[in-house]
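Data block below; observations after.
Start at 1 and go down the list; that is how both ligands and their atoms are numbered. Note that the structure is a prediction, hence the values are computed from the model and not measured. Counting begins at 1 with the first residue of the sequence.
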Amino acid sequence: MNEFSKLNETTPWQELTEGMKIFTGGNSRDFNTGEWTTIKPVVNEEKCRHCLICTPVCPDSAIPVTESRRGTIDYAHCKGCGICAKACPFGAIEMKPVKPAEKR
Ligand code: SF4
Ligand code: SF4
């Protein structure tokens with residue numbers, strides 16, 4: 001269990017991690033933006049054609065590429081913006097609610 005597991009829908013904003021601060025270059029991996037999200041992208045593997053359009057449009061680099069194929073979405077860093085779902089030309093990504101128990 002990590003520190004984010006305690007967060008749920010009753011957590012006051014004062015207890016959330018701070019945002020909008022850049023202490024050093026390339027530090028985005030240190031901030032689990034997935035902590036904030038209320039919705040998440042879920043890939044329908046049967047529809048996905050691994051065109052990789054979703055990867056560069058993700059503002060959090062949460063969609064990896066491994067051997068020219070889309071990898072598993074990094075939910076610890078996905079903030080649920082839905083851009084990938086909009087960008088996918090094959091309708092393979094659906095945004096679904098995140099249950100409090102799923103919070104990381
Ligand atoms: S854009 Fe859609 S079809 Fe292309 S890799 Fe991403 S999920 Fe798969
Ligand atoms: S919902 Fe947004 S942050 Fe999450 S994987 Fe898609 S584009 Fe990236």
Side-chain angles (χ1 to χ4, degrees):
M1 181 179 292
N2 60 41
E3 64 182 293
F4 304 115
S5 302
K6 67 185 179 192
L7 297 174
N8 57 52
E9 69 276 14
T10 65
T11 304
W13 65 268
Q14 294 92 336
E15 293 182 16
L16 299 178
T17 52
E18 293 181 87
M20 302 298 292
K21 289 191 175 181
I22 300 173
F23 301 105
T24 61
N27 67 348
S28 60
R29 71 173 61 87
D30 299 332
F31 294 89
N32 287 353
T33 43
E35 171 193 344
W36 311 332
T37 190
T38 56
I39 54 174
K40 68 177 184 179
V42 176
V43 179
N44 181 326
E45 298 294 343
E46 292 184 3
K47 288 186 177 179
C48 177
R49 299 192 195 176
H50 296 275
C51 67
L52 306 183
I53 286 176
C54 55
T55 293
V57 300
C58 174
D60 285 283
S61 299
I63 307 177
V65 175
T66 305
E67 296 179 356
S68 301
R69 292 176 66 85
R70 174 196 49 75
T72 303
I73 293 176
D74 174 5
Y75 288 127
H77 291 95
C78 164
K79 62 186 169 200
C81 67
I83 293 173
C84 57
K86 286 279 188 187
C88 177
F90 302 106
I93 301 178
E94 184 180 353
M95 300 303 293
K96 293 189 175 179
V98 176
K99 299 182 185 115
E102 291 181 62
K103 288 285 186 186
R104 293 149 300 274

Interatomic distance, SG@Cys58 vs NE2@His77, rounded to 0.5 Å, equals 10.5 Å

Atom 4 (Fe) of ligand 2: closest protein heavy atom, distance to 0.1 Å, is Cys78 SG, 2.3 Å

re atom 3 (S) of ligand 2, the protein heavy-atom contact at minimum distance is Lys79 N, 3.4 Å

for atom 2 (Fe) of ligand 1, nearest protein heavy atom and its distance come out as Cys88 SG, 2.3 Å

### Message
For Arg70, is there any backbone N or O sitting under 3.5 Å from a side-chain donor or acceptor partner on His50?
### Response
yes

If we number the atoms of ligand 1 from 1 as shown, the ones under 4.0 Å from a heavy atom of Arg49 are 3 (S), 8 (Fe)

Near Gly80 (heavy-atom distance under 4.0 Å), the atoms of ligand 2 are 1 (S), 4 (Fe)

Is Cys54 close enough to atom 2 (Fe) of ligand 1 to have an N, O or S atom under 2.8 Å?
-> no

Scanning both residues in full, the closest heavy-atom pair of Lys79 with Thr37 reads O-OG1, 3.2 Å

Rounded to the nearest 0.5 Å, the CD1 atom of Ile63 sits from the OG1 atom of Thr55 at a distance of 5.5 Å

In short, Phe90 meets Arg49 closest at the heavy-atom pair CE2-NH1, 3.3 Å

Checklist entry - Does the Tyr75 side chain pair with the main chain of Pro41, one donor and one acceptor, at a distance under 3.5 Å? => result yes

- Message: For a side-chain contact (heavy atoms from CB on, under 4.5 Å) check, start with the C-alpha distance between Thr38 and Val98, then their side-chain angles and the critical distance, and finish with the verdict.
- Response: CA-CA 5 Å; Thr38 56; Val98 176; 5.7 Å; no

Give a yes or no on this: more than 12 heavy atoms of other residues, nucleotides or ligands lie within 6.0 Å of atom CD of Glu46.
no

Assess Cys81: does it contribute an N, O or S atom lying under 2.8 Å from atom 8 (Fe) of ligand 2? no

Taking only non-hydrogen atoms of Phe90 and a 4.0 Å limit, the atoms of ligand 1 in range are 3 (S)

Ligand 1 atoms nearer than 4.0 angstrom to some heavy atom of Cys48 are 3 (S), 5 (S), 7 (S), 8 (Fe)

- prompt: Between the main-chain N or O of Ala76 and the side-chain N or O of Asp74, is there a donor-acceptor pair closer than 3.5 Å?
  reply: yes

Would you say Cys51 reaches atom 8 (Fe) of ligand 1 with an N/O/S atom under 2.8 Å?
no

heavy-atom search around atom 1 (S) of ligand 2 in the protein gives Gly82 N, 3.2 Å

With heavy atoms and a 4.0 Å threshold, my read on which part of Ile63 contacts ligand 2 is side chain

When every non-hydrogen atom of Val42 is compared with those of Lys96, the smallest separation belongs to CG2-CD, 3.9 Å

re atom 8 (Fe) of ligand 2, the protein heavy-atom contact at minimum distance is Cys58 SG, 2.3 Å

Ligand 2 atoms nearer than 4.0 angstrom to some heavy atom of Pro59 are 7 (S)

When distances are taken from atom 5 (S) of ligand 1, the protein heavy atom at minimum range is Leu52 N, 3.3 Å

Of all protein heavy atoms, the one nearest atom 6 (Fe) of ligand 2 is Cys84 SG, 2.3 Å

Ligand 1 to His50, heavy atom cutoff 4.0 Å, flagged ligand atoms 5 (S), 8 (Fe)

For Ile93, the atoms of ligand 1 under 4.0 Å from one of its heavy atoms are 7 (S)

Nearest heavy-atom contact between Ile53 and Pro89 is CD1-CG, 3.9 Å

